[in-house]
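Notes follow once the structure below has been shown.
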Amino acid sequence: MADTKVTLCGIEMDNPLIPASGTFGYGREFSEIYDINCLGTFSFKGTTLEPRFGNPTPRIADAPSGMLNAVGLQNPGVMAVKQRELPEMKKFFHKPVMANVSGFSIDEYVETVRLLENEDQIGWVEVNISCPNVHGGGMAFGTDPKAAEAVCSAVRKVTKKPLIMKLSPNVTDICEIARACEGGGADGLSLINTLMGMRIDLKSKKPVIANKTGGFSGPAIFPVALRMVYHVYEAVKLPIIGMGGVSTAEDVIEMMLAGATAVGVGAANLIDPFVCKKIVEALPSVMEKYRINSLSEIIGGAH
Amino acid sequence: MKQNLYTIAENNCIAKDTYRMVLKGDTSANTRPGQFVNIEIPGLYLRRPISVCDCCSEGYTLIYKVVGKGSEALSKMEPGARLDLLTGLGNGFDVSKAGKKPVLVGGGLGSAPMYAVAKAIRAADPDAEITVILGFNAAEEIVLVKEFEELGVKLEIATLDGSAGTKGFVTDIMKRLDYSNFFTCGPGPMARAVEATAKTSGQYSLEERMGCGFGACMGCSIQTRSGNKRVCKDGPVFEREEIIWQTPK
Ligand SMILES: Cc1cc2nc3c(=O)[nH]c(=O)nc-3n(C[C@H](O)[C@H](O)[C@H](O)COP(=O)(O)OP(=O)(O)OC[C@H]3O[C@@H](n4cnc5c(N)ncnc54)[C@H](O)[C@@H]3O)c2cc1C
Ligand SMILES: Cc1cc2nc3c(=O)[nH]c(=O)nc-3n(C[C@H](O)[C@H](O)[C@H](O)COP(=O)(O)O)c2cc1C
Ligand code: FES
């Protein structure tokens with residue numbers, strides 16, 4: 001029997017699959033089409049202290065083997081998540097969920113995480129310091145090691161839950177940021193968020209996306225993400241959630257060989273809403289094909 | 001929402017840059033007129049949303065215009081080829097509000113979902129006095145005339161250049177009519193003109209660039225009088241009273 005179990009920061013998961021934040025909402029749309037309890041867990045939409053509408057539209061652009069988004073962290077705010085989304089989620093998802101949190105100041109990150117601390121449904125806190133689509137926050141914290149460490153250690157003080165810092169690829173040396181988060185008391189790292197990109201419409205001769213730039217993700221970024229997971233694995237001792245372009249069971253295994261303990265799937269959910277279920281179902285036979293008995297044994301196997 | 005494979009039965013040019021595609025396959029997810037499908041096009045990453053023009057137990061009829069890479073690739077596909085579709089997307093029109101004398105206003109290929117609306121109203125009420133107003137730039141773009149006439153509706157055409165029907169805008173015709181309710185789909189400027197003309201309550205089908213088409217990504221959000229809505233999942237159809245009209249960019 002293929003063993004797909006992995007343990008992420010002390011919490012055992014049936015398999016390493018984690019739909020990535022922003023591509024799975026609060027789970028409801030997907031729970032209507034399949035039983036999402038087949039997943040390892042999922043990371044819910046980036047949540048902030050106050051409700052946000054996000055950026056003007058168009059927010060989306062197509063690209064070769066990928067897409068750009070500049071949603072700008074649209075979410076109902078942490079209180080609505082506590083009062084509405086989490087009680088609703090309890091009806092269809094019975095595993096610990098990952099709370100993805102964003103902010104525009106250290107105080108905001110801290111306050112949002114503090115408000116989620118007593119929610120038993122939340123297994124892990126994933127702190128997004130890498131959103132390229134908002135101004136004066138988000139990625140600004142993830143591109144400077146000192147700022148990254150400051151957010152991390154401040155949030156650390158208000159949560160006993162496993163703390164995972166989500167890193168940006170839009171830096172010269174991602175290992176430096178990873179080490180700063182390790183120093184700040186993180187329990188794990190999540191990488192990568194989207195790569196900054198843009199498209200220009202030839203008819204209007206203006207940027208396609210109203211925000212002008214957006215975050216590029218999808219299969220095109222897989223080799224970039226894989227390389228970063230590989231190097232961060234060597235730079236720190238923390239477990240890694242590897243993501244960026246993952247769309248198949250083979251990609252999951254490749255990410256784990258690079259050093260990922262668990263694997264996130266983002267844009268692929270938007271193209272094929274059943275993709276995560278299909279990957280979970282395909283894993284045992286793909287493992288058999290490559291003579292893998294246990295997924296947890298292959299983590300970092302390429303080093 | 002369902003995901004299924006469909007076989008292309010027909011894919012013909014029916015007007016300038018405009019194609020009719022008939023797809024064979026499961027249509028059980030489509031429950032209301034004005035819903036749409038999201039088509040995976042080989043070689044492109046994001047799916048392309050297209051309204052259902054007609055739907056029967058055997059399959060879908062779509063009408064689309066070649067405007068870019070995706071629609072061009074679709075237009076080159078041959079009968080027998082297969083396509084992966086997400087179906088049953090969006091809320092669709094509520095035709096129970098039509099009343100005895102509804103008017104349906106379609107601009108360009110906004111005419112396609114209006115056919116589905118006309119058919120649904122006709123099925124619910126054989127006596128309804130349905131008026132359909134279609135607007136095009138020129139005669140060479142006109143589609144669906146025969147199909148609408150077969151439903152026994154009063155059909156009015158407006159063209160901007162006067163090459164067919166009334167010269168001018170759909171609203172030049174609409175403002176002369178009495179109607180119980182209106183249903184409309186078309187480009188932004190037309191929708192705003194309808195808003196300035198309309199005398200009753202009604203429903204608009206709106207368009208936004210989409211990531212997923214089924215409510216997961218927040219790519220298509222708009223602000224309405226009843227809060228933030230996703231055009232793909234909470235729409236694309238919105239009641240007149242809900243919409244906050246933005247000044248054009
Ligand atoms: C709910 C809905 C229903 C639609 N129904 C129809 C229909 O019945 N017939 C028809 O001809 N067209 C319809 N459209 C518009 C159609 O989706 C676009 O014309 C098509 O996606 C263009 O793709 P492309 O690759 O040819 O163009 P490109 O410009 O190369 O497309 C690039 C990207 O922009 C998006 N895009 C481009 N134009 C539009 C647009 N007007 N609206 C939304 N996204 C766009 C594409 O989906 C793609 O992601 C509908 C759009 C929506 C949102
Ligand atoms: C539409 C969209 C919205 C996203 N929103 C968030 C978010 O709110 N918080 C976050 O940490 N990452 C967000 N991301 C980034 C993804 O979680 C993921 O890190 C990235 O897309 C790379 O994975 P992929 O190539 O599989 O999409 C978003 C991505 C997309 C495509
Ligand atoms: S297109 Fe993804 S939510 Fe509407």
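Numbered from 1 within each chain, the chains take letters A, B, ... in sequence-line order.
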Part of A/A70 within contact of chain B (heavy atom distance under 4.5 Å) = neither

Would you please indicate yes or no on a ring centroid separation below 6.0 angstrom for B/Y19 and B/Y64?
-> yes

Between A/N69 and chain B, which part of the residue has a heavy atom less than 4.5 Å away: side chain, backbone, both or neither?
-> neither

When A/V71, A/I271, A/D272 are compared by non-hydrogen pairs under 4.5 Å with chain B, the top option = A/I271

Among B/L89, B/L46, B/L85, whose side-chain contact (heavy atoms from CB on, under 4.5 Å) with B/N38 holds?
-> B/L89

Contact origin within A/Y26 toward chain B - heavy atom pairs under 4.5 Å | neither

Relative to chain A, which segment of B/K233 carries a heavy atom at a distance below 4.5 Å: side chain, backbone, both, or neither?
-> side chain

What part of A/N269 is in contact with chain B, defined as an atom under 4.5 angstrom from a non-hydrogen atom: side chain, backbone, both or neither?
-> backbone

Carboxylate-amine/guanidinium proximity below 4.0 Å for B/K97 and B/E239 = yes

Answer with side chain, backbone, both or neither: which region of A/P273 has an atom nearer than 4.5 Å to a non-hydrogen atom of chain B?
-> both

Verify the ring-centre separation between A/F93 and A/F42: is it less than 6.0 angstrom?
-> yes

Compare all side-chain heavy atoms of A/V286 with those of A/E250 and state whether any distance is below 4.5 angstrom.
-> yes

Do B/L83 and B/M77 have side chains that get closer than 4.5 Å, going by heavy atoms?
-> yes

Does B/E141 come within less than 4.0 Å of B/K65, counting only side-chain N to carboxylate O?
-> yes

Output the option from B/G43, B/G213, B/A216 having the highest count of non-hydrogen pairs under 4.5 Å with chain A.
-> B/A216

Residue part contacting chain B, namely of A/A220, when any heavy atom lies under 4.5 Å = neither

Would one find more than 12 heavy atoms of other residues, nucleotides or ligands at under 6.0 Å from atom NZ of A/K278?
-> yes

Residue part contacting chain B, namely of A/F53, when any heavy atom lies under 4.5 Å | both

Under 4.5 Å to a heavy atom of chain B? For A/I33 that would be side chain

Winner by heavy-atom pair count (cut-off under 4.5 Å) against chain B, out of A/A267, A/A63, A/P51, A/G218 | A/A267

Test item: B/M21 and B/I8 side chains (from C-beta on) under 4.5 Å apart, heavy atoms | yes

With chain B, which of A/T23, A/I60, A/N75, A/D62 has the greatest number of heavy-atom pairs at distances under 4.5 Å?
-> A/D62

In terms of heavy-atom pairs under 4.5 Å with chain B, the winner among A/G66, A/G54, A/G25 is A/G66

Please lay out, stage by stage, how A/V252 and A/L17 fare under the test side chain to side chain contact (heavy atoms under 4.5 Å, CB included).
-> CA-CA 8 Å; A/V252 170; A/L17 256 276; 3.8 Å; yes

Examine whether an atom of B/L86 lies under 4.5 Å from a heavy atom of chain A, and if so say whether it belongs to the side chain, the backbone or both; otherwise answer neither.
-> side chain

